[in-house]
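Structure record follows, encoded as structure tokens.
Note: hydrogens, waters and symmetry copies are ignored here, and every other heavy atom, side chains too, is used. Small disclaimer: the values here were computed from a predicted structure and weren't measured. To find a chain, count down the sequence lines: A is the first, B the second, and so on, and within it residues start at 1.
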Amino acid sequence: MDSPFLSNTTLSFSSSFSSSPLPHLFPSVSFSPVRFKSTQRRILTVRSKIREIFMPALSSTMTEGKIVSWVKSEGDVLSKGESVVVVESDKADMDVETFYDGILAAIVVGEGETAPVGAAIGILAETEDEIAEAKAKATSKPGASTPSAPAPTAASTPAHPKSTPANAAQTVAEGRRKTVVTPYAKKLAKQHKVDIESVVGTGPYGRITPEDIVAAAGISPSKTNEGPAVVVEARPAAPTKATVVSSAPPILPPPVPGSTTVPFTTMQAAVSKNMVESLSVPTFRVGYPVTTDALDALYEKVKPKGVTMTALLAKAAAMALVQHPVVNSSCKDGKSFTYNSNVNIAVAVAINGGLITPVLQDADKLDLYLLSQKWKELVEKARAKQLQPQEYNSGTFTLSNLGMFGVDKFDAILPPGQGGIMAVGASKPTVVADADGFFSVKKKMLVNVTADHRIIYGADLAAFLQTFSKIVENPESLTL
Amino acid sequence: MHYSPALSFSQPTSLPTTNYAFHSHVDLRFCGLRRQPSGFSFSTHSASTRVSLSTPARGHSNKISASSGNNGTPKSFDYDLIIIGAGVGGHGAALHAVEKGLKTAIIEGDVVGGTCVNRGCVPSKALLAVSGRMRELQNEHHMKALGLQVSAAGYDRQAVADHANNLASKIRSNLTNSMKALGVDILTGFGTIVGPQKVKYGKVGFTDTTVTAKDIIIATGSVPFVPKGIEVDGKTVITSDHALKLEFVPDWVAIVGSGYIGLEFSDVYTALGSEVTFIEALDQLMPGFDPEIGKLAQRVLINPRKIDYHTGVFATKITPARDGKPVIIELTDAKTKEHKDTLEVDAALIATGRAPFTNGLGLENINVATQRGFVPVDGRMRVIDANGNLVPHLYCIGDANGKMMLAHAASAQGISVVEQVTGRDHVLNHPSVPAACFTHPEISMVGLTEPQAREKAEKEGFEVSIAKTSFKANTKALAENEGEGLAKLIYNPDNGEILGVHIFGLHAADLIHEASNAMALGTRIQDIKFAVHAHPTLSEVLDELFKSAKVKAPASTSSPVSEPVSA
């Protein structure tokens with residue numbers, strides 16, 4: 001035990017301790033479970049023979065230590081170099097030795113308790129006569145065990161949420177029996193020093209979730225430790241982060257009495273963010289009537305084979321986009337065209353109070369049947385919230401159809417990162433006059449494309465719509 | 001939760017003379033270090049015979065003395081050996097019995113493969129394979145350190161569940177086929193012992209068939225143990241049987257019990273995005289592990305994850321979620337027996353251990369009384385009756401006897417029994433059976449923990465030394481960016497005997513076998529430290545470990561690895 005190494009270090013300790021508070025003792029700690037022999041002491045009253053044993057700093061990141069066990073008991077005679085106590089830091093357990101002969105007069109911090117670095121954890125008396133004095137000193141220490149911790153991170157605080165609402169003003173009672181906090185929320189609260197009693201839980205059964213703590217701490221979700229919980233939470237096309245951007249205007253009118261505020265779900269927050277973002281894009285709209293009699297006839301034929309109208313329209317749009325690549329492009333930086341090598345048709349779907357755009361990838365290349373099959377799978381996955389990110393954020397052009405509600409025409413908002421979105425209305429029998437003046441009744445459907453005018457100009461869009469219309473009016477090519 | 005790769009047995013050698021390897025194994029056993037009843041017929045094999053390892057004796061000179069199982073008149077039986085229960089234990093015994101030329105039947109009332117294959121080690125490994133990858137992909141810091149960029153990782157719950165289920169079916173059919181191919185009769189139905197050397201079996205509602213066998217092995221295994229007060233509904237309050245189907249991933253799951261099963265599930269659930277609360281009756285998490293390993297494991301597997309815990313408490317009442325209420329768990333202090341806390345969670349997984357499945361076995365017909373459900377056996381797995389006498393021709397292996405509730409231990413016990421009934425005494429060296437927990441990183445161990453070793457040393461008056469090495473010093477581990485880990489060797493510094501090895505780190509479960517084989521073969525540290533390990537491999541962690549041990553005894557003169565080999 002009395003290795004030359006230890007006695008050498010002793011000297012450096014005692015000299016450095018009086019001046020600097022707790023230097024980084026073991027810069028070379030290479031791995032945790034090695035038991036380092038170390039000793040720590042500081043002479044408080046120079047003349048006194050009563051010495052305190054301090055909580056040592058065993059690593060550069062250590063702020064508090066836990067007493068694993070006292071190797072010696074009160075009243076034991078200690079000799080220089082003997083292990084007195086085992087301390088657990090954030091990295092390792094280490095034996096702490098004494099460099100002085102003496103008697104362990106009092107244990108200030110008991111086994112299993114925690115003390116901040118530098119706090120007295122025990123008292124060493126030189127002779128038996130001084131034991132009483134030392135004990136008195138120990139009891140007078142306010143810093144017995146945890147309360148002496150300077151940081152409010154005492155281990156016990158978040159561990160047992162009390163039902164007594166200290167901050168009654170902020171704790172919305174609502175007959176909640178007790179505060180329920182999830183494990184990760186507890187950890188976050190401790191990390192960010194959030195008082196759990198002041199947080200209102202919004203999780204299931206009113207429990208406090210990690211999101212609540214994040215909101216209370218006013219921080220963006222940290223990605224440091226385990227990474228975000230990536231349970232597949234479907235969210236609409238959001239190629240960037242899905243953090244909530246507050247779009248609240250600075251002055252809000254007072255809420256109408258009796259109104260309720262329901263926070264956005266993750267999906268709704270992402271929708272909100274994307275919609276706000278779309279305001280930065282200069283868009284314009286071009287409408288076009290398309291005759292659908294032939295398409296409807298085709299639809300009747302292929303319907304028994306599982307083909308859906310969505311697949312037909314997506315296929316038609318994709319084929320038209322192939323001929324007009326600029327409409328399939330996007331403007332990422334305001335300086336250039338980004339031509340997409342694939343034609344990926346995103347289709348907007350309303351789902352459980354949210355909005356999602358599953359993407360039919362390579363819609364120009366897949367045949368109608370595969371496309372229909374794919375669409376069915378995507379919708380099922382969207383319902384089950386199991387869409388993979390690339391299945392909802394890889395679209396290059398969006399299709400939005402409200403025709404089934406009888407809507408004849410509407411305006412769509414361009415999703416960020418895309419060049420165009422097509423709003424499809426209902427197909428309705430319409431009286432039309434041809435060039436020769438003959439009247440007939442044809443089914444007409446109004447489509448309205450919103451596009452980014454930085455890259456797509458009026459003529460581009462018009463030409464695209466003309467191609468689209470021709471494909472729909474002569475839909476045989478769709479089945480090829 | 002272990003599965004011994006029983007497939008390796010599926011191609012038995014037809015020549016019995018090639019079994020010398022096994023015989024020499026038995027010889028070695030006697031040089032071993034434990035104090036289990038060992039066959040005194042071999043008492044001439046002193047510890048010094050270990051040297052003979054290097055030149056395995058091909059002869060069978062030892063065999064004759066052990067043949068004592070023949071008790072008089074040769075009677076005609078339907079089978080030489082009947083095994084009740086086709087889990088991993090029964091399967092291992094059956095394959096070895098066929099190899100030994102026994103006419104063998106195995107009775108199974110459920111599905112071949114038992115707990116391990118269908119509801120245990122096997123499907124859980126599939127889930128853990130997924131959780132390990134998820135953990136890696138989600139660890140942005142880790143990925144960045146390797147220079148990789150990965151967009152948000154996600155998973156399809158059903159596809160993960162299917163992977164586990166498919167693996168179980170595949171292993172199950174492998175097991176079934178391996179037995180069929182060797183001519184083991186698989187008899188379907190629940191087996192009941194009706195008298196000495198007599199078993200009936202049959203499905204419920206059908207007439208039973210009675211068969212006789214010279215020897216019978218009980219290998220009926222175990223079922224999840226659910227303490228009273230806990231209402232398992234299979235949906236929100238579940239056991240490992242349900243959890244392995246992964247029918248849903250709760251936002252918050254309480255796991256009752258922090259042993260192997262609980263730990264492995266915490267690894268799976270947290271990787272899939274759940275938060276976990278452990279409930280442990282003892283004062284410390286992970287009881288049963290070496291304390292130092294347990295502490296390190298807690299720093300890595302518990303503290304940085306979305307896990308909290310309550311120790312020193314019993315979950316005295318658990319009510320499943322219903323009527324718009326969450327799962328409610330009443331916690332009672334383990335010492336004061338007073339109500340301590342009430343938890344509200346989305347699901348509770350009961351991982352409080354396993355109970356033997358021995359009901360309806362007909363043990364009363366042969367005057368055997370179970371102890372807490374376990375079938376009492378001696379060191380040779382021979383069943384002991386209510387009067388303390390051995391029941392002739394009846395053996396019990398695996399979870400049903402409770403000696404060591406591990407799949408590979410059951411299989412090893414089965415092989416040991418077959419050795420005995422074919423005329424060669426054999427006692428399984430239980431302390432050399434390794435165990436592993438397949439968290440990320442893994443935990444593995446063989447032999448004694450440090451406190452156990454110190455207690456034993458005190459009683460028997462020998463010294464105990466500890467050696468440790470870190471994965472941080474291992475090139476391969478660092479290349480993988482997985483330097484977190486520790487290997488610990490507990491040994492006798494006077495003679496170099498290995499008392500226990502504990503590993504926490506990357507692929508620990510695969511690394512333990514160098515140590516467990518050394519223990520099984522009685523190899524001493526001063527000899528094994530000369531064995532060469534490929535560089536750079538994780539196995540060098542153990543190499544370093546053996547080399548860092550300070551043994552007073554000199555290396556054996558004829559070192560097993562001293563023979564020159566031309567490449």
For atom CD of B/Glu463, decide whether the heavy atoms of other residues, nucleotides or ligands shown that lie under 6.0 angstrom number more than 12.
-> no
How about B/Lys547: does its NZ atom have over 12 heavy atoms from other parts shown lying under 6.0 Å from it?
-> yes
Would you give the length of the straight line joining atom OG1 of A/Thr182 to atom CD of B/Glu344, rounded to the nearest 0.5 angstrom?
-> 13.0 Å
Would you check if the side chain of A/Lys187 reaches a backbone N or O of B/Ile307 as a donor-acceptor pair within less than 3.5 Å?
-> yes
Sequence neighbours left out, what passes side chain to side chain donor-acceptor pair (under 3.5 Å) with B/Ser465? Give chain and number order.
-> none
Which heavy atom of A/Val180 sits nearest a heavy atom of B/Trp252, and at what distance?
-> CG1-CZ3, 3.5 Å
Atom CD of B/Glu455: over 12 foreign heavy atoms under 6.0 Å | no
Is any side-chain heavy atom of B/Val276 less than 4.5 Å from a side-chain heavy atom of A/Tyr184?
-> no
Is the number of heavy atoms from other residues, nucleotides or ligands within 6.0 Å of CD (B/Gln298) greater than 12?
-> yes
Do A/Pro183 and B/Arg305 come within less than 4.5 Å of each other through their side chains, counting heavy atoms only?
-> no
Examine whether an atom of B/Lys295 lies under 4.5 Å from a heavy atom of chain A, and if so say whether it belongs to the side chain, the backbone or both; otherwise answer neither.
-> side chain
Would you give the length of the straight line joining atom NZ of A/Lys186 to atom CD of B/Glu275, rounded to the nearest 0.5 angstrom?
-> 10.0 Å
Closest non-hydrogen atoms of A/Tyr205 and B/Gly324, given as atom of the first, atom of the second and distance, are CE2-O, 3.3 Å
A/Arg207 and B/Asp346 ion-paired at < 4.0 Å = yes
